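Only one structure is covered here, and it is reproduced in the block below.
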There are 2 protein chains.
Amino acid sequence: MSKRHNTTLKELAKELNLSISTVSRALNDHPDINATTKQNVKDLARRMNYSPNLFARSFRSQKTNIIGVVVPNISHYFTSTILKGILEEAEIQGYRIIISESNNNEAKQTEMLNTMTQFGVDGILMSLSRRTTKVDDVLQTLNRVPIVLFDKVSQKIPCTQIVIDEEQAAFNAVEHLIELGKERIAIIKETENSYNSEKRYAGYLRALEHHGIKIRQKIILSTEDISLIHGRRLTNILLSMKKRPDAIFAITDNAAIGAIKALNKFKVKIPEEIAVVGFSNSANSKIIQPELTTVDQPGDKIGRTSVKYLIEEIENPSNDVITKTVEIKTTLVVRDSSLRA
Amino acid sequence: MSKRHNTTLKELAKELNLSISTVSRALNDHPDINATTKQNVKDLARRMNYSPNLFARSFRSQKTNIIGVVVPNISHYFTSTILKGILEEAEIQGYRIIISESNNNEAKQTEMLNTMTQFGVDGILMSLSRRTTKVDDVLQTLNRVPIVLFDKVSQKIPCTQIVIDEEQAAFNAVEHLIELGKERIAIIKETENSYNSEKRYAGYLRALEHHGIKIRQKIILSTEDISLIHGRRLTNILLSMKKRPDAIFAITDNAAIGAIKALNKFKVKIPEEIAVVGFSNSANSKIIQPELTTVDQPGDKIGRTSVKYLIEEIENPSNDVITKTVEIKTTLVVRDSSLRA
DNA sequence: AACGTTACCGCAAACGTTTGCAATTCATAA
DNA sequence: TTATGAATTGCAAACGTTTGCGGTAACGTT
């Protein structure tokens with residue numbers, strides 16, 4: 001009943017009349033050790049239910065096989081799919097994952113970085129909190145362990161960054177609307193120049209230009225908080241215009257859903273009068289009626305590639321800074337909110 | 001630029017011409033140490049940016065201050081809110097969290113338990129995977145570290161369990177429907193006798209009995225997979241009955257949303273003809289039109305109390321088995337799907 | 001017979017920390 | 001003066017593992 005006693009190398013050694021080092025080497029398949037000895041050791045180890053004390057091991061090797069993950073909000077759906085991918089890939093590669101939240105609070109973010117490095121993680125995966133200004137703190141930890149950024153990234157931090165092809169994805173989404181015959185396409189984006197918002201806006205502009213459609217500042221709307229409520233609010237503004245748009249591209253699903261709710265309320269026909277396209281393919285996008293056309297971001301793939309790149313850096317450390325940006329391809333999921341009836 | 005060098009006690013000691021042990025004790029505020037010495041040590045520690053090597057520490061004390069968390073699916077919304085609560089409370093209490101997924105796969109679940117104990121976690125928080133039959137494996141790890149179960153629990157495992165008051169919550173939900181004047185209330189539940197489904201069904205029955213309403217087997221429907229699709233499917237069956245129910249209580253939001261989708265399709269007026277109540281207060285429940293009346297499960301509270309009870313057991317180990325069941329109160333969130341117009 | 005080689009194994013140090021105990025100093029009481 | 005005790009500090013062991021290096025035995029080679 002002795003709660004928690006783990007057999008040690010020493011006990012195995014005593015039992016077999018061998019030295020600790022021989023036992024250790026046998027278990028690690030060191031070539032110096034006789035085959036039958038190895039068998040004996042391994043057999044006994046299994047019988048005595050031996051498992052190495054990972055803390056002793058990583059204490060000695062200064063390698064923890066732990067990856068720290070810092071995200072703004074764990075219960076954000078897209079984030080949780082990324083985490084899923086991270087967990088899967090990490091498990092395959094024999095790493096464990098420690099997670100913490102920054103709650104979009106920069107102070108807390110740097111605090112988390114500190115406890116992570118103090119804890120001895122081999123590397124850090126991070127999605128930046130909303131308003132990250134003091135990049136210095138991040139740089140300081142980057143100086144101690146490798147970091148890979150994903151989703152919410154910043155070019156000011158010299159490390160590899162895994163993002164989706166925001167610009168191209170937005171381009172495709174808007175082009176899809178154009179191909180439906182829409183030509184007065186509003187956009188709902190963020191006021192603040194976040195990386196994601198900027199890129200998506202750029203894609204929007206490029207699509208319009210590429211198809212020779214005039215860019216109308218009036219229907220380019222911004223909001224601080226890109227949420228359902230403000231999506232609805234801005235859509236109400238669009239509806240009050242003398243000349244309404246014939247499509248709305250919202251740079252998040254939630255804003256798009258807010259738009260749909262506003263349109264539904266005023267019995268505007270979707271997509272005939274106004275089509276709507278969102279961004280994220282969140283679970284909500286299949287719940288709203290009509291179901292939302294949106295950009296699918298493969299969260300698990302982002303997670304898995306982030307892990308791959310990080311482990312690559314962990315296991316093959318180089319002195320020169322790496323500033324690769326990897327773009328993950330997205331696909332447009334066409335649903336009723338943009339389907340020609 | 002030396003990536004990762006951490007100052008050690010030894011270096012502090014040499015710098016101050018003190019012994020390592022004195023430095024250690026000074027930093028830990030041991031009463032034996034002279035006040036001014038303490039100050040000197042602490043000052044230098046700060047200046048040299050010292051932080052203890054947690055691995056060496058936990059290697060020695062056999063205490064890791066890490067809690068392992070095993071959940072079926074991290075990207076399930078309710079789960080992620082629980083995780084949020086776990087993270088918050090753990091951080092307050094100075095513990096770190098390692099997360100892994102069982103993917104509702106029992107073999108993987110026991111594998112995860114093993115790597116967690118091998119890793120040396122101080123305790124484990126777990127929500128059981130769907131069809132957990134071999135409780136033996138869990139009992140074996142329970143024999144090594146304390147475990148606290150939450151959400152998906154099992155009475156076969158003698159440990160403290162944190163659940164919501166499923167039965168009472170269901171009772172309240174159904175009573176709410178009765179008070180609206182509904183008396184032919186269907187239920188959509190799980191075929192399999194999961195803990196949650198059973199409890200919610202019991203609450204349903206009690207509410208009907210308590211209000212003297214006849215229980216009609218015909219409108220008690222079950223499904224293996226309690227999802228949107230099957231919620232819709234079963235609702236179609238309900239609609240095809242000669243005498244339709246006047247309300248539907250689905251034991252998950254997704255099934256309830258499926259029900260609403262079916263009702264919307266056939267233009268059944270909600271809630272006038274048929275009211276709908278779900279369970280979970282998932283994000284989706286505010287997206288669907290009409291918005292869904294549902295039981296709010298305070299995920300973060302479940303997470304926080306789970307951590308509290310676990311740490312209590314970790315820090316005050318007792319030899320006798322604890323089988324306390326803690327029930328977290330829920331509240332009914334009334335929305336359009338049951339609001340009298 | 002002397003030496004080199006091979007195959008196998010053990011000794012002991014090291015990682016950074018905590019802690020029981022011993023050692024030292026100094027002041028105070030006997 | 002000596003013994004006693006309190007206040008500080010240091011020594012060294014211990015936690016479990018890995019690993020460089022050295023050792024031993026057996027065997028083959030000259």
Side-chain angles (χ1 to χ4, degrees), chain A residues 2-42 44-45 48-66 94 117-122 144, chain B residues 2-42 44-45 48-66 94 117-122 144:
Chain A
S2 69
K3 275 219 178 191
R4 68 168 83 198
H5 166 71
N6 293 316
T7 52
T8 71
L9 286 185
K10 196 197 292 190
E11 293 169 1
L12 292 181
K14 195 193 306 181
E15 192 77 13
L16 289 165
N17 268 327
L18 286 172
S19 74
I20 294 177
S21 33
T22 302
V23 174
S24 170
R25 277 189 262 254
L27 291 175
N28 292 333
D29 265 329
H30 193 284
D32 270 6
I33 306 298
N34 182 292
T36 60
T37 310
K38 277 184 191 171
Q39 256 324 307
N40 289 338
V41 172
K42 287 181 182 173
L44 184 68
M48 291 186 61
N49 204 7
Y50 169 81
S51 75
N53 182 321
L54 294 186
F55 274 83
R57 178 178 283 175
S58 53
F59 163 53
R60 190 171 192 290
S61 61
Q62 296 297 39
K63 178 104 174 27
T64 58
N65 273 42
I66 297 180
T117 55
Q118 179 182 170
F119 188 80
V121 296
D122 291 340
R144 315 190 109 241
Chain B
S2 70
K3 276 220 174 187
R4 67 168 82 196
H5 166 73
N6 293 316
T7 54
T8 71
L9 287 184
K10 197 197 290 190
E11 292 169 2
L12 291 181
K14 195 193 306 183
E15 193 75 16
L16 288 165
N17 267 327
L18 285 173
S19 74
I20 295 176
S21 35
T22 303
V23 175
S24 170
R25 278 190 263 253
L27 290 174
N28 292 332
D29 264 328
H30 194 284
D32 271 5
I33 305 298
N34 183 292
T36 59
T37 311
K38 276 185 194 173
Q39 255 325 304
N40 290 338
V41 172
K42 287 181 182 173
L44 183 68
M48 290 186 61
N49 203 7
Y50 168 82
S51 74
N53 181 321
L54 295 187
F55 274 84
R57 178 177 283 175
S58 53
F59 164 52
R60 189 167 196 293
S61 61
Q62 297 297 37
K63 178 107 174 21
T64 59
N65 273 41
I66 297 180
T117 55
Q118 179 182 170
F119 188 80
V121 296
D122 291 341
R144 315 191 109 241

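We name chains A, B, ... by the order of the sequence lines, and we start the count at 1 in each one. Bear in mind that the values here come from a model prediction, so they are computed numbers and not experimental data.
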For A:Thr37, report the nucleic acid contact type (base, sugar-phosphate, nothing); a contact means any heavy atom under 4.0 Å. sugar-phosphate
Interface with DNA chain D, restricted to residues 13-24 of chain A and to heavy atoms under 4.0 Å: A:Ile20, A:Ser21, A:Ser24
Rounded to whole Å, please give me the gap between CZ in B:Phe119 and C1' in D:dG16. 15 Å
B:His30 atom NE2 is separated from D:dT9 atom P, nearest whole Å, by 12 Å
How many whole angstroms separate atom CZ of A:Arg57 from atom C1' of C:dA14? 17 Å
Calculate the interatomic distance between A:Phe55 atom CZ and D:dT18 atom P; express it in whole Å. 15 Å
Could you check which of C:dT17, D:dT17, D:dT8 has an atom nearest any side-chain atom of B:Asn34? D:dT8
Mind calculating the distance between CG (A:Leu54) and C1' (D:dC15) to the nearest angstrom? 15 Å
When all nucleic acid strands are considered with a 4.0 Å heavy-atom cut-off, which category describes A:Ser58: base, sugar-phosphate, or nothing? nothing
Below 3.5 Å is the cut-off: list the nitrogen or oxygen pairs between protein and nucleotides 21-25 of chain D, distance only.
none

Is the shortest heavy-atom distance from the side chain of A:Val23 to the side chain of A:Tyr50 under 4.5 Å? no
N/O donor-acceptor pair under 3.5 Å between A:Thr64 side chain and A:Ser58 backbone: no
Tell me whether the OP1 or OP2 atom of D:dC15 has a side-chain N or O from A:Asn53 closer than 4.0 Å. no
Can you tell me if B:Phe59 is stacked onto the base of C:dT17, using a 5.5 Å centroid cut-off and an angle below 30°? no
On DNA chain D, nearest-nucleotide positions of A:Ala56 versus B:Pro31: which is more 5'? B:Pro31
Tell me if a side-chain donor or acceptor on A:Thr37 pairs with a main-chain N or O of A:Ile33 at a distance below 3.5 Å. no
Hey, are the side chains of B:Leu27 and B:Leu9 touching, using non-hydrogen atoms and a 4.5 Å cut-off? yes
Side-chain (B:Asn28) to main-chain (B:His30) donor-acceptor, under 3.5 angstrom: no
Of all pairs that satisfy salt bridge (charged side-chain N to carboxylate O under 4.0 Å, His left out), the ones with a partner from residues 27-37 of chain B, not counting sequence neighbours: B:Asp29-B:Lys38, B:Asp29-B:Lys42
Pair of N/O donor and acceptor under 3.5 Å linking D:dT18 base with A:Arg60 side chain: yes
Quick one: which of C:dT17, D:dC15, C:dG16 gets closest to the side chain of B:Tyr50? C:dT17
Looking only at side-chain N and O atoms, does A:Ser21 offer a donor or acceptor that is under 3.5 Å from a partner on A:Ser24? no
Tell me whether B:Asn53 contacts the main-chain N or O of B:Thr8 through its side chain, where contact means a donor paired with an acceptor under 3.5 Å. no
If we ignore hydrogens and angles and just use 3.5 Å, is the side chain of A:Asn40 paired with the main-chain N or O of A:Leu16 as donor and acceptor? no
A:Phe59 to B:Phe59 - nearest heavy-atom pair and separation: CD2-CD2, 3.3 Å
Check the distance between C:dT19's C1' and B:Leu9's CG and give it to me in whole angstrom. 13 Å
Whole-Å distance, B:Gln62 CD to C:dT19 P, equals 13 Å
Tell me: CD1 of B:Ile33 to P of C:dT19, nearest whole Å? 13 Å
